[in-house]
Amino acid sequence: MTKYVFVTGGVVSGLGKGITASSIALLLKSRGYKVFMQKFDPYFNVDPGTMNPIQHGEVFVTYDGCETDLDLGHYERFIDEELNYSSNITSGKIFKSVIEKERHGDYLGATVQMIPHVTNEIKNKVYEAGHSSGADIVITEVGGTVGDIESEVFIETLRQIQYEIGSSNSFFVHCTLVPFIMGSNELKTKPTQNSVKDLRNRGVRTDALVCRAPFETPNSIKEKLSLFCSIAKENVIDSIDVNNIYEIPINYYNQKLDEIILKQFDLPIKRANLTELKKLITTVNNLKKEIEIALVGKYVELHDAYISVVEALDHAGYNYNVKIKINWINSELLEAKKTNIKSVFKNSKGIVVPGGFGNRGIEGKIKAINYARENNIPFLGIGLGMQLAIVEFARNVCSLENANSTEFDSNTKEPVIDLMADQKSIVNIGTMRLGNYECTIKKDTLVYKIYKAKKILERHRNRYEFNNNYKEILEENGMVFSSINEKTNLVETIELPKLKYFIACQFHPEFKSRPLSPAPLFDSFVKTCALDKK
Ligand code: GLN
């Protein structure tokens with residue numbers, strides 16, 4: 001039977017619950033267990049696809065096309081597994097499904113209630129994750145903080161699961177805060193005690209505590225927490241600040257958190273293989289050089305809005321022993337006439353224009369792309385970044401002055417990017433391309449050299465596409481369309497081979513990047529930037 005680990009949070013948000021959940025998964029995987037991860041998000045949006053990235057950060061996309069919370073990106077990067085639709089459960093999804101079933105008559109005349117109908121719906125998603133993934137252990141993070149009105153129904157479901165499958169099949173980790181009070185020079189356990197009590201009031205027993213504290217908690221604190229919270233002393237785990245997040249699993253490993261979980265599950269404690277992780281930690285802690293890369297976007301005030309892009313740049317940096325410093329550029333500010341664009345990019349070795357939606361700031365992005373192209377500065381465009389690179393080239397090289405995307409100018413006379421441009425064959429016309437699509441790469445192109453493969457799979461999240469009617473004129477002027485999706489004839493990558501590095505893709509390679517295997521396009525881009533002597 002699949003075993004289930006649940007990670008809840010108490011006292012305050014932002015304690016690193018997601019990293020704790022991923023670290024547990026990583027450790028269990030390193031001991032040879034098949035793991036799967038899941039996140040409960042107690043908000044009413046069905047998915048974060050419609051949420052403003054400035055509020056909620058990036059929308060992460062899984063291979064099967066689910067728009068999810070950015071935490072899933074952390075999970076994938078940490079455990080190096082592809083997650084899917086069953087990995088992100090929101091209140092919106094749960095209630096939508098309950099109401100649909102009600103309308104469909106599935107409840108056979110019953111009064112539809114929180115318990116059991118909503119809780120059953122959540123419970124099914126938990127068990128389904130176990131069945132469909134075939135995992136030995138499923139690790140589920142519960143978003144929010146215990147006591148939040150929004151998450152009550154999820155906590156109630158956990159209570160039922162704990163009762164139903166028992167402690168040999170479920171393990172509850174509660175992440176809390178142990179603050180240090182300056183004046184009295186003391187670590188305080190009361191917030192943790194209260195938070196464990198909050199869980200207990202809701203009928204949920206905690207099996208282990210992960211205590212965020214400024215330094216290792218002394219024995220006396222552990223004893224106190226153990227006594228007041230009815231948790232074995234060994235199960236009180238410290239989570240102190242670290243140099244880089246990859247040290248966190250090692251920190252838990254040293255405190256035997258994974259062994260404690262496996263013991264409770266009565267599963268054999270196989271030897272952990274942490275060689276790769278340790279290698280990664282050494283690399284990250286010893287990066288020799290620093291290079292600056294400009295990231296031009298409209299959500300730059302919240303860095304989390306581009307978290308996977310930043311991570312992918314970092315991963316590539318590890319491969320070339322360089323630390324990446326991001327030069328955050330708000331594309332809207334580039335639009336002003338008086339902006340000295342040269343000074344904005346003065347120290348940047350390369351320019352990235354990542355994905356985006358909507359009108360705001362696009363002319364600034366085009367300006368940045370133009371600067372990169374005319375000054376032969378390495379450039380990587382993603383999604384909207386590719387679309388705008390085409391618009392820029394069409395306008396300034398091919399004299400198509402009105403070139404635009406119909407996303408921004410529905411009356412443009414030169415729609416080089418169009419709503420599912422003349423792709424009548426595509427099944428989901430008008431809707432988005434989400435998740436994995438196959439991409440066929442032309443031989444003798446830069447992209448082919450980089451991927452070393454004819455066919456690749458990359459994840460998408462877009463509605464607009466290159467309009468093939470303009471292919472010829474752009475090609476005549478030197479743009480190479482290096483790959484397409486064969487089924488739909490949609491352009492996937494473009495390049496300007498005469499330049500040092502000018503590549504853009506319709507898909508989002510950042511979603512598949514891993515610390516030890518950077519996404520090929522990021523890898524080659526950072527390599528070019530790192531070796532650039534200028
Ligand atoms: N807004 C554009 C589209 O929908 C680009 C999206 C993206 O950057 N992935 O096609």
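Predicted model only: the values in this text are computed from it and were never measured. Both counts, for ligands and for their atoms, begin at 1 and track the order of listing.
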Run the side-chain donor-acceptor check on residues 477-484: report pairs under 3.5 Å with partners two or more places apart or on a different chain.
| unit_1 | atom_1 | unit_2 | atom_2 | d |
| --- | --- | --- | --- | --- |
| N477 | ND2 | I473 | O | 2.7 |
| S482 | OG | T493 | OG1 | 2.8 |
| S482 | OG | E495 | OE1 | 2.9 |
| S483 | OG | T493 | N | 3.3 |
| S483 | OG | T493 | OG1 | 2.6 |

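Ion pairing between E76 and R514 holds under the 4.0 Å rule for side-chain N and carboxylate O. Between R463 and E407 there is no salt bridge, since no side-chain N of the basic residue sits under 4.0 Å from a carboxylate O of the acidic one.
Under the side chain to side chain donor-acceptor pair (under 3.5 Å) criterion, D64 pairs with T62, not counting sequence neighbours. Not a single salt bridge (charged side-chain N to carboxylate O under 4.0 Å, His left out) links E58 to another residue, sequence neighbours left out.
Residues L26 and F78 share a closest heavy-atom pair of CD1-O, 3.2 Å.
In this structure, ligand 1 sits under 4.0 Å from heavy atoms belonging to G355, G356, F357, G383, L384, Q387, E407, R461, N462, R463, Y464, H508.
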